[in-house]
Amino acid sequence: MPDLIVLHYTAMCSAEAALQRLCDPAAEVSAHYLIGTCGTIWQMVEEGSRAWHAGAGRWGDVCDVNSRSIGIELDNTGHHPFPDPQMRALEALMGGIRTRWRIPPERVIAHSDMAPARKCDPGPRFDWGRLARLGLSVWPKASAARGDFVQNARRFGYATDPDNSAQATDLILKAFRQRFRPWAYGPLDDTDRALMADLAARYPVDHDTNDA
């Protein structure tokens, strides 16, 4: 039963090209939905069925993300904003999915969240704050607490090699900033620590999930 929604961009020249690839068995990639820039929605896989959209990665204790998630592809190369008709279609679609499967907003993640070592979609141009304002995702608030950035990241859901703390920090920081601070640059700072501490405190990954 799905208890995650994973958002992607297609990184292709058009929605039609992406649709052809996503429906080609030889490509060995698929998704439940594709949304074009004009707001057109194509459903390719039933929501309760497994699609091959996530690949290798992890969110919290979920190692086979494909089996626990609904994948939504957005027609975008990663280099331009997501148009309003596309965002409105996404918001309506996500509202229905979340209601049908009782998926909480903290279980709506980026492909880059669950695979920070190899993926960067839906990228820094995607408006996560807009989704959060509608209750469709989450957004951090500045916290007086700081704590350990990587430990709090793992509590929120990010998963990396615990034996390589430097690599873990770099990978998580990149994915975190891409989603929550796309304008930030430079080394890890106290704002990163405060925002991650807030996410970990309010949305721990092992709380209120549909674990089987």
Side-chain angles (χ1 to χ4, degrees), residues 1-23 29-55 59 62 65-115 119-141 156-157 175 178-180 182 199 202-203 205 208-210:
M1 182 169 68
D3 65 352
L4 286 163
I5 296 173
V6 181
L7 301 184
H8 308 256
Y9 62 52
T10 58
M12 297 188 71
C13 62
S14 69
E16 290 73 22
L19 184 64
Q20 183 176 5
R21 177 172 172 79
L22 291 166
C23 293
V29 62
S30 61
H32 294 86
Y33 293 97
L34 168 65
I35 305 179
T37 55
C38 63
T40 301
I41 300 174
W42 292 271
Q43 183 173 6
M44 295 159 287
V45 179
E46 294 294 325
E47 291 178 1
S49 299
R50 189 179 192 270
W52 297 349
H53 63 94
W59 187 250
V62 179
V65 177
N66 280 329
S67 293
R68 294 276 294 274
S69 63
I70 292 172
I72 303 175
E73 293 274 358
L74 300 164
D75 176 25
N76 191 289
T77 63
H79 301 298
H80 57 81
F82 294 74
D84 184 65
Q86 186 179 47
M87 291 297 294
R88 286 190 280 109
L90 172 65
E91 290 154 6
L93 176 62
M94 285 177 55
I97 292 171
R98 290 190 57 240
T99 298
R100 286 189 289 276
W101 298 99
R102 300 177 60 190
I103 298 175
E106 63 268 28
R107 304 287 287 178
V108 177
I109 64 172
H111 198 190
S112 53
D113 288 331
M114 47 116 343
K119 292 296 180 180
C120 59
D121 55 314
R125 306 303 297 270
F126 185 76
D127 193 350
W128 285 99
R130 172 172 170 159
L131 291 189
R133 289 191 293 274
L134 294 172
L136 297 172
S137 186
V138 298
W139 194 257
K141 299 183 294 185
F156 177 56
Q178 187 166 257
R179 178 173 170 182
F180 297 113
L199 290 170
R202 289 194 292 144
Y203 308 112
V205 73
D208 194 26
T209 65
N210 296 327

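Atom set for the values below is all heavy atoms of this structure, side chains included, hydrogens, waters and symmetry mates excluded.
Two residues are said to be in side-chain contact when any heavy atoms from C-beta on lie closer than 4.5 Å; Q178 and C120 meet this criterion. Using a 4.5 Å cut-off on side-chain heavy atoms (C-beta onward), W139 and W128 make contact. L131 is listed as a side-chain neighbour of M94, based on a closest heavy-atom distance under 4.5 Å. Side-chain atoms of V205 and R107, non-hydrogen and from C-beta on, do get closer than 4.5 Å to each other. Residues I72 and H32 have side chains not in contact (no heavy-atom distance under 4.5 Å, counting atoms from C-beta outward).
The side chain to side chain donor-acceptor pair (under 3.5 Å) test with R50 singles out one residue from S30, S67, S69, and that residue is S67.
When every heavy atom of D127 is checked against every heavy atom of R130, the shortest pair comes out as OD1-N, 3.0 Å. Closest heavy-atom contact between V6 and V65: CG2-CG1, 4.0 Å.
Here CE of M44 is found 5.0 Å from CG of L22. Values are rounded to the nearest 0.5 Å. Separation of atoms CG (N76) and OG1 (T10) is listed at 7.0 Å; rounding is to 0.5 Å.
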- Task: Under the side-chain contact (heavy atoms from CB on, under 4.5 Å) rule, what do V138 and L199 come out as? Steps first, then yes or no, please.
- Result: CA-CA 8 Å; V138 298; L199 290 170; 4.2 Å; yes
- Task: Carefully, step by step, assess R179 and L7 under the rule side-chain contact (heavy atoms from CB on, under 4.5 Å).
- Result: CA-CA 11 Å; R179 178 173 170 182; L7 301 184; over 6 Å; no
- Task: Any chance you could lay out the ring-ring contact (aromatic ring centres under 6.0 Å, His included) test for W59 and F156, step after step, and finish with the verdict?
- Result: CA-CA 9 Å; W59 187 250; F156 177 56; 5.5 Å; yes
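Counted within 6.0 Å of CZ on R21, heavy atoms from surrounding residues, nucleotides or ligands total 12 or fewer; the atom is thus considered open. By the 6.0 Å contact criterion, CD on Q20 is open, its count of non-hydrogen atoms from other residues, nucleotides or ligands being 12 or less.
Pairs passing the ring-ring contact (aromatic ring centres under 6.0 Å, His included) check and including a residue from residues 65-100, sequence neighbours excluded, read F82-F126.
For E106 and R202, the salt-bridge test fails: no basic side-chain N is under 4.0 Å from an acidic carboxylate O.
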